[in-house]
Amino acid sequence: MATINMILQGKGGVGKSLIASLLTQYFLESGKEISCVDTDPINATFAGYKEFDVTALNIMDKEDIDPRKFDKLVELMLALSGDEEMVIDNGAATFVPLASYLAGNKVFEMLEESEIQINLHTVITGGQALPDTLGGLNSLFKTFDVPIYVWLNNYFGPINGNDRNFEEFTVYRENTHRIAALIRLPQKKKETFGRDLENLLTAKMSFDEAQESTLPIMTRQRLKMIWKEVQQELSNSGL
């Protein structure tokens with residue numbers, strides 16, 4: 001069965017494009033055929049990865065969905081076959097209109113009738129963005145009835161509040177049965193591992209490209225360690 005992995009979160013700058021790139025690399029290393037789409041009309045970061053051959057598709061017309069461009073996205077989804085994977089990165093600006101349009105047009109139901117699996121991915125981050133990302137997750141629970149993979153990103157601060165961790169939050173406890181898996185991004189020192197990963201993202205490089213590059217040997221070693229941890233998390237998730 002073909003599978004669509006769509007990243008949705010209403011808060012910008014929390015790691016959506018990072019997740020898209022990690023999923024793409026994981027599927028490629030698994031030997032699967034993969035199609036990649038970036039619908040972010042403002043910051044098409046995912047489309048900047050030349051190795052992934054990402055289709056940039058701006059589905060917005062000002063602040064609303066452009067029906068013709070949206071139909072093109074659906075056509076790309078329906079063109080999937082076999083066990084092909086599709087990764088779709090969406091910007092913060094598209095979150096509300098896209099979610100509304102997907103639900104209003106019963107797109108996921110149509111795809112499931114065509115035997116195409118839908119996986120939603122969203123990210124929760126610590127720090128000031130925590131309430132916004134939790135709100136985005138809660139919105140997905142209310143809008144869609146499909147598996148949701150929750151990525152926990154502690155880069156901007158620990159994901160906790162009032163002495164509670166994520167698993168103790170109300171939004172988690174009330175929707176545990178809706179969450180396909182929790183995927184934890186590796187927590188590393190910002191001064192070394194964090195900077196190396198940030199530079200990798202800025203350069204739009206994959207982990208494989210980094211290993212074949214002229215980057216300092218310890219930088220490559222740290223990136224190799226990060227990627228192994230991410231691979232283990234994804235393997236444990238059941239994707």
For a 4.5 angstrom cut-off between non-hydrogen side-chain atoms, does [X] reach [Y]?
X: T122; Y: L120; answer: no
X: V74; Y: N105; answer: no
X: T24; Y: Y49; answer: no
X: M6; Y: N90; answer: yes
X: V107; Y: F70; answer: yes
X: Y172; Y: E168; answer: no
X: I124; Y: L130; answer: yes
X: D83; Y: E33; answer: no

I'd like to know whether [atom1] of [X] has more than 12 heavy-atom contacts from other residues, nucleotides or ligands below 6.0 angstrom.
X: E167; atom1: CD; result: yes
X: R173; atom1: CZ; result: yes
X: K32; atom1: NZ; result: yes
X: R164; atom1: CZ; result: yes
X: K204; atom1: NZ; result: yes

What verdict does the side chain to side chain contact (heavy atoms under 4.5 Å, CB included) test give for I116 and F108, after you've listed the backbone C-alpha separation in whole Å, the side-chain angles of each residue and the deciding distance to 0.1 Å? CA-CA 9 Å; I116 297 175; F108 288 169; over 6 Å; no
Locate the shortest heavy-atom distance separating [X] from [Y]; write the atom from each residue and the value.
X: V87; Y: F46; answer: O-CE2, 3.9 Å
X: A92; Y: G10; answer: CB-O, 3.4 Å
X: D196; Y: R222; answer: OD2-NE, 2.5 Å

Check the hydrophobic clustering (I, L, V, M, F, W, Y; side-chain heavy atoms under 4.5 Å; chains of links allowed) and say if L185 and Y26 are grouped together. yes
Going by distance alone, is a donor N or O of one side chain under 3.5 Å from an acceptor N or O of the other, for N5 and E85? yes
Enumerate donor-acceptor pairs with a distance under 3.5 Å from any side-chain N or O in residues 232-239 to protein atoms, sequence neighbours excluded.
unit_1: Q232; atom_1: NE2; unit_2: N236; atom_2: OD1; d: 2.9
unit_1: E233; atom_1: OE1; unit_2: R184; atom_2: N; d: 2.9
unit_1: N236; atom_1: ND2; unit_2: Q232; atom_2: O; d: 3.2
unit_1: S237; atom_1: OG; unit_2: L234; atom_2: O; d: 2.6
unit_1: S237; atom_1: OG; unit_2: L239; atom_2: N; d: 3.3

Do any N or O atoms from the side chain of [X] and from the backbone of [Y] form a donor-acceptor pair under 3.5 angstrom?
X: Q211; Y: R220; result: yes
X: E29; Y: Q25; result: no
X: N43; Y: T45; result: no
X: Q9; Y: T133; result: yes

For residues 148-156, dump all side-chain donor-acceptor pairs below 3.5 Å to protein atoms at least two apart in sequence or in another chain.
unit_1: W151; atom_1: NE1; unit_2: H121; atom_2: ND1; d: 3.1
unit_1: N153; atom_1: OD1; unit_2: Y155; atom_2: N; d: 3.0
unit_1: N153; atom_1: ND2; unit_2: V14; atom_2: O; d: 3.1
unit_1: N154; atom_1: OD1; unit_2: I159; atom_2: N; d: 3.0
unit_1: Y155; atom_1: OH; unit_2: E198; atom_2: OE1; d: 3.2

Taking distance alone, no hydrogens or angles, what donor-acceptor pairs closer than 3.5 Å link side-chain atoms of residues 50-65 to residues at least two apart or in another chain?
unit_1: E51; atom_1: OE1; unit_2: S206; atom_2: OG; d: 2.7
unit_1: N58; atom_1: OD1; unit_2: M60; atom_2: N; d: 3.0

